[in-house]
2 protein chains.
Amino acid sequence: MRVQDLETPAVLIDLDVMERNLARMAEYCRQHGLALRPHTKTHKIPELAYRQIKSGASGITVAKLGEAEVMVQAGLADILIAYPIVGREKAARLAALAERASLMVSLDSEEAVRGISRSAQERGVRVGVLVELDVGFRRCGLQRPEEAVALARLIQDLPNVDFRGLMFYPGHFMVSEPERRRLLEDVNVRLRRFYEAFDRAGLLIAIVSGGSTPTAYSSHEFAGVTEIRPGMYIFNDRTMVGLGVARLEDCALSVLVTVVSTSVSGRAIVDGGSKTFSNDRYRAGDGRGFGLVREDPEAEVEALSEEHGHLDISRSLRRYRVGERLTIIPNHVCTVMNLHDEVYGVRGDQVEAVWRVAARGRVR
Amino acid sequence: MRVQDLETPAVLIDLDVMERNLARMAEYCRQHGLALRPHTKTHKIPELAYRQIKSGASGITVAKLGEAEVMVQAGLADILIAYPIVGREKAARLAALAERASLMVSLDSEEAVRGISRSAQERGVRVGVLVELDVGFRRCGLQRPEEAVALARLIQDLPNVDFRGLMFYPGHFMVSEPERRRLLEDVNVRLRRFYEAFDRAGLLIAIVSGGSTPTAYSSHEFAGVTEIRPGMYIFNDRTMVGLGVARLEDCALSVLVTVVSTSVSGRAIVDGGSKTFSNDRYRAGDGRGFGLVREDPEAEVEALSEEHGHLDISRSLRRYRVGERLTIIPNHVCTVMNLHDEVYGVRGDQVEAVWRVAARGRVR
């Protein structure tokens, strides 16, 4: 099958670019002695998780228990669920899954770890636990070292859960390079306070799991980090390019669309909208626009209806015609993948693979 | 099954409220002699399309051909695809579908109608066509009356397609009431220009299809409209409430979530983010926030990560604890539905129905 035979809208993954992205991150981690545990919420495809393992990852990360179930079903054996598992049903599912794979979870509350311990004990399995720290993003994670030490001690005291170390997510690093550098100093001050408290308490930290795509190649500068969990690096996107984290030629994912209307002056309408691209905004530069049209840098993806992409072509000299195809690099690859049941791995004009997005929609 | 037995995040549809919404819109249309052709892109569930037919709709509207295929498969017999069908494969699929149901499409280009005519002729079927007009939203639709007349004449001349009338979508009416009133005047001026041109050309307009949820109860004030296509009215959402189009008690859809972290001061984190709610913004008031927490009007859904909802609870006196459940009314119901494989129809604390969102993700 050739790309031109695909119906639109269709998500295309350029395999050459993807393979280069995978190799580069693996090489960086090898050089710096960091374990690589890619976040598979970006692609949600077991076949791609396997490619990450083959290129040097030590295991994978998932966002939700339902994603872990899909990955274990596909044979992935070493998984961090970077999410607090809360509630009796979820703890029971986690324990059932721990019979089939080596699992770790991150959490920041007594409620979460007590539930997991109880279910793991009932099932006779063990679950590794990372205590999540807040390093400034203000989402999940304990803020004070003494709270983290207390939770680690509780984990050590509870049956069938193993305290393995610490986790943090620097989600506030979606900013430009000089600002990232300033934030890095701040994160390191915070991290060292936690390390000192654990040291004083005589608690051994085996793992410090950090990192994300914007910070990935600075991971060796984060104090004490032993493993990283970048996700987007496999594909990259318009925001990563805008933040200077990737180049345009590092973007592996684009969406093939068809022009369906040119009736309105200064506009071209394509057959992908927010149900194809998501409405995630551009988190760099002026924040405007919902994608980058490869064939016409003068076109702006000005707005998205649910099924229509609105291109402002008033500054373009290109002639648009109904029926022609364009490729658009989206603002945010993770939410694009989550909207599609299948995506296409392409090399040149050949479709080499059709992948089912097996963990799409597994929000529970 | 009871609501409390559901795992979270879960999309709940309050059946009492939904039934009231359906009855009210049907009654309005009856009063004003308007045909009701609800846009099923909002829910994407054949069972709910049937409920709309049962409560008085004359047929349904869909956004994409793939949605039409799902609805025809489920037995729905009268469908408007309010989208330009462009490309040989899609035209062939449309013609195949026209063997099984009465189909109309809207379009605004010669390219689209020629392709459809060709495929319909090959297959020996007929397809109804509405010419789409732009009334100020600047998306699809012809802007000048003489272009619309020329396209209608072409449709009359081509084999196996039937010119049925005109369609417009007032997508720019997502504004507050006084502004909507001003826009209505403007739309009517435009519409009358089209009607006069068609009259001069001796072309009969059988259908004028207009309307959306924000304008639904003003539909009788749009000049010449014979049918309307509201979608969101079945559920309503935070934006509809903010625009004064619905009351809070008219919101049938909410998302049941669990608090998974309270570690960060002034924050509570719930287990639904942009992959549960979509990142669609609040299109009313100050535009801030991503949902309304039923249990705590002082909480603001300040931001959405992919799997985390960030509640700013700094102005709230309520105490949040890990494990408790909340219900959140989203900004935009259509994109929420598109993220979930199944949703729950509830009455009181009882789950009466589990519906598969059968047309979810059918973007092609």
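These numbers come from the heavy atoms of this one structure, side chains and all, not from hydrogens, waters or symmetry mates. We name chains A, B, ... by the order of the sequence lines, and we start the count at 1 in each one. These numbers were taken from a predicted model, which means no experiment stands behind them.
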Heavy-atom pair count under 4.5 Å with chain B, highest-scoring of K90(A), R267(A), E307(A), R281(A): E307(A)
Counting heavy-atom pairs under 4.5 Å to chain B, which of G141(A), S109(A), S278(A), A63(A) comes out on top? G141(A)
Got a salt bridge between R288(B) and E302(B), using NZ or NE/NH1/NH2 to carboxylate O under 4.0 Å? no
With chain B, the option among G323(A), G266(A), S265(A) that has the most non-hydrogen atom pairs under 4.5 Å is S265(A)
Residue D108(B) versus chain A: region with a heavy atom under 4.5 Å: both
Between the side chains of R362(B) and E69(B), is the shortest nitrogen-to-carboxylate-oxygen separation below 4.0 Å, so that they form an ion pair? no
Given that the side chain runs from C-beta out, which part of A10(B) has a heavy atom under 4.5 Å from chain A: side chain, backbone, both or neither? both
R360(B) versus N338(B), closest heavy-atom pair with distance: CG-O, 2.9 Å
Any sub-3.5 Å donor-acceptor pair from D312(B)'s side-chain atoms to A299(B)'s backbone N or O? no
Heavy-atom pairs under 4.5 Å with chain A: which of G361(B), S305(B), A112(B), G87(B) has the most? S305(B)
H310(A), part contacting chain B, at a heavy-atom distance under 4.5 Å: side chain
At a heavy-atom distance under 4.5 Å, which candidate from L142(B), T258(B), T276(B), D271(B) has the highest pair count against chain A? D271(B)
Examine whether an atom of L339(B) lies under 4.5 Å from a heavy atom of chain A, and if so say whether it belongs to the side chain, the backbone or both; otherwise answer neither. both
Between E306(A) and chain B, which part of the residue has a heavy atom less than 4.5 Å away: side chain, backbone, both or neither? side chain
For the candidates K41(A), E147(A), R138(A), which exhibits the highest count of non-hydrogen atom pairs separated by less than 4.5 Å from chain B? R138(A)
So, does T40(A) use its side chain to make a donor-acceptor pair with the main chain of T61(A) at under 3.5 Å? yes
T239(A) and D237(A): side chain donor to acceptor below 3.5 Å: no
Under a 4.5 Å heavy-atom cut-off, does chain B meet the side chain of D134(A), its backbone, both or neither? side chain
I'd like to know whether H39(B) forms a ring-ring contact (aromatic ring centres under 6.0 Å, His included) with Y169(B), so could you lay out the CA-CA distance, the side-chain angles of the two residues, the decisive distance to 0.1 Å, and finally the verdict. CA-CA 12 Å; H39(B) 208 315; Y169(B) 172 59; 8.2 Å; no
Heavy-atom distance under 4.5 Å between the side chains of T42(B) and V333(B), does that happen here? yes
Selection from K275(A), E89(A), E132(A) maximising heavy-atom pairs under 4.5 Å formed with chain B: K275(A)
Please confirm whether Y282(A) and F290(A) have ring centers closer than 6.0 angstrom. no
Would you say the ring centers of F277(A) and H340(A) fall short of 6.0 Å from each other? no
Against chain B, label E324(A) side chain, backbone, both or neither, depending on which of its atoms sit under 4.5 Å from a heavy atom there. neither
One thing to verify: whether R321(B) and E111(A) come together as a salt bridge, which I'm taking to mean a side-chain N less than 4.0 angstrom from a carboxylate O. no
Best-contacting candidate, D5(A), T8(A), L107(A), against chain B by heavy atom pairs under 4.5 angstrom: T8(A)
Which bit of D280(B) is near chain A, if near means a heavy-atom gap under 4.5 Å: side chain, backbone, both or neither? both
Quick one: what part of K64(A) sits under 4.5 Å from any heavy atom of chain B, side chain, backbone, both or neither? side chain
